[in-house]
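Atom set for the values below is all heavy atoms of this structure, side chains included, hydrogens, waters and symmetry mates excluded. Naming convention: chains lettered A, B, ... in sequence-line order (proteins, then strands); numbering from 1 in each chain.
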There are 2 protein chains.
Amino acid sequence: MEKPVELNHSECMGILRPIRDALDVLNGKWKLPIIVALSFGEKRFTEIAREVHGITDRVLSKELQDLTMNGLVKRTVEDTFPVKVTYALTPHSKSLDEVIEALRKWGVLHREIILKGSSDE
Amino acid sequence: MEKPVELNHSECMGILRPIRDALDVLNGKWKLPIIVALSFGEKRFTEIAREVHGITDRVLSKELQDLTMNGLVKRTVEDTFPVKVTYALTPHSKSLDEVIEALRKWGVLHREIILKGSSDE
DNA sequence: CGGTTCACTATCCAAAAGGATATAGCTATT
DNA sequence: AATAGCTATATCCTTTTGGATAGTGAACCG
């Protein structure tokens, strides 16, 4: 018995892997709101917590770690008074702009189409 | 004490809502693999199940419902032999191509940057 | 000294996503 | 009638994600 044909898969995976990577970076309830908050300038932990309303410290901490590990956010510790920590977007995060804009545009288009209830388009 | 400034939020939400919509449609482990499988032509339930390896019937059923509700997949019941049901991408799904391509390109770029370990970009 | 701010971390929980398995209705074959 | 293939749906369970709450340590405020 020849082994089952799953070969189209390897091919698909080559396409899908980077897409998954990208979605993983952006996904979750808070990544984008945090990025947007930081797009107005660098901020401290509690400032972000206040602006991204509804997020808890625990989750914010974790999300900032994720974003930092993915090179989208730079964490800076100033060893001043009570250890000031600031978060800012990195240059790399700029490269996300096209992606975000593509998502946003499609989201708007999609909503229109769904609301029209066109079941065949 | 004036009420806290959460006004930037309404503004942010206007931008974020469509992005969230778009991510919700694409997200999850299986949506893209299913779309890719269907991009080679219409397929029947079990064909998709075989091609998208690892997916269970239960999940495939649910995902196809989601995609159909979102107008990306058309479900056709042919009342022939043993009720042949086929799934195919809709014209609307074509509009996703740019989004997917943007995600894919960014995923590739991102991987390069992460692998380089550049911690400041 | 007690209280507050900052930047977290720890513990516990609830909800959602996803997987394993079984089964149903239908037809076609034997 | 028994069996098998197709298209699901139902139950149950595990994993992941995110939320609630509290606490840490250090500095500053009164």
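Atom CD1 in B/Ile48 sits roughly 9 Å away from atom P in D/dT7 (whole-Å rounding). Separating the CG atom of A/Leu64 from the C1' atom of C/dC6 is a distance of 14 Å, rounded to the nearest angstrom. Whole-Å rounding puts the B/Leu23 CG to C/dA17 P distance at 14 Å. The interatomic distance linking B/Glu78 (CD) with C/dC26 (C1') rounds to 16 Å, in whole Å. Here the C1' atom of nucleotide D/dA26 and the NZ atom of A/Lys84 are 17 Å apart, to the nearest Å. Following rounding to the nearest Å, B/Asp66 (CG) and C/dA16 (P) show an atom-to-atom distance of 14 Å. Remark: C1' of C/dC6 and CG of A/Leu60 are 13 Å apart, rounded to the nearest angstrom. Separating the CZ atom of A/Arg44 from the P atom of C/dC8 is a distance of 10 Å, rounded to the nearest angstrom.
Taking 4.0 angstrom as the limit, B/Tyr87 places none of its side-chain polar atoms (N or O) nearer than this to OP1 or OP2 of D/dC6. Within the 4.0 Å cut-off from OP1 or OP2 of C/dT9, at least one side-chain nitrogen or oxygen of A/Gln65 is found. The side chain of B/Ser61 contributes no N or O atom lying less than 4.0 Å from OP1 or OP2 of D/dA8.
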Determine, step by step, whether A/Arg50 and A/Glu47 satisfy the salt bridge (Lys or Arg N to Asp or Glu O under 4.0 Å) criterion, reporting the C-alpha distance in whole Å, the side-chain angles of both residues, the deciding distance to 0.1 Å, and the verdict. CA-CA 5 Å; A/Arg50 269 193 297 269; A/Glu47 289 180 292; 5.4 Å; no
Test A/Gln65 against A/Arg75 for side-chain contact (heavy atoms from CB on, under 4.5 Å), laying out the working first. CA-CA 9 Å; A/Gln65 282 174 29; A/Arg75 181 178 186 271; over 6 Å; no
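Note that CG of A/Asn70 and NZ of A/Lys31 are 8.0 Å apart. Values are rounded to the nearest 0.5 Å. Atom NZ of residue B/Lys62 and atom CD1 of residue B/Ile55 lie 10.0 Å apart, to the nearest 0.5 angstrom.
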Reading 5' to 3' through nucleotides 10-25 of chain D, protein heavy-atom contacts under 4.0 Å coded B for base, S for sugar-phosphate only, - for none: BBB-----BBB-----
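Between the side chain of B/Thr68 and the main chain of B/Leu64, a donor-acceptor pair closer than 3.5 Å is present. The backbone N or O of A/Ser93 sits less than 3.5 Å from a side-chain atom of A/Thr90, completing a donor-acceptor pair.
Here A/Arg111 pairs with B/Asp21 under the side-chain hydrogen bond (donor to acceptor under 3.5 Å, both in side chains) rule; sequence neighbours left out.
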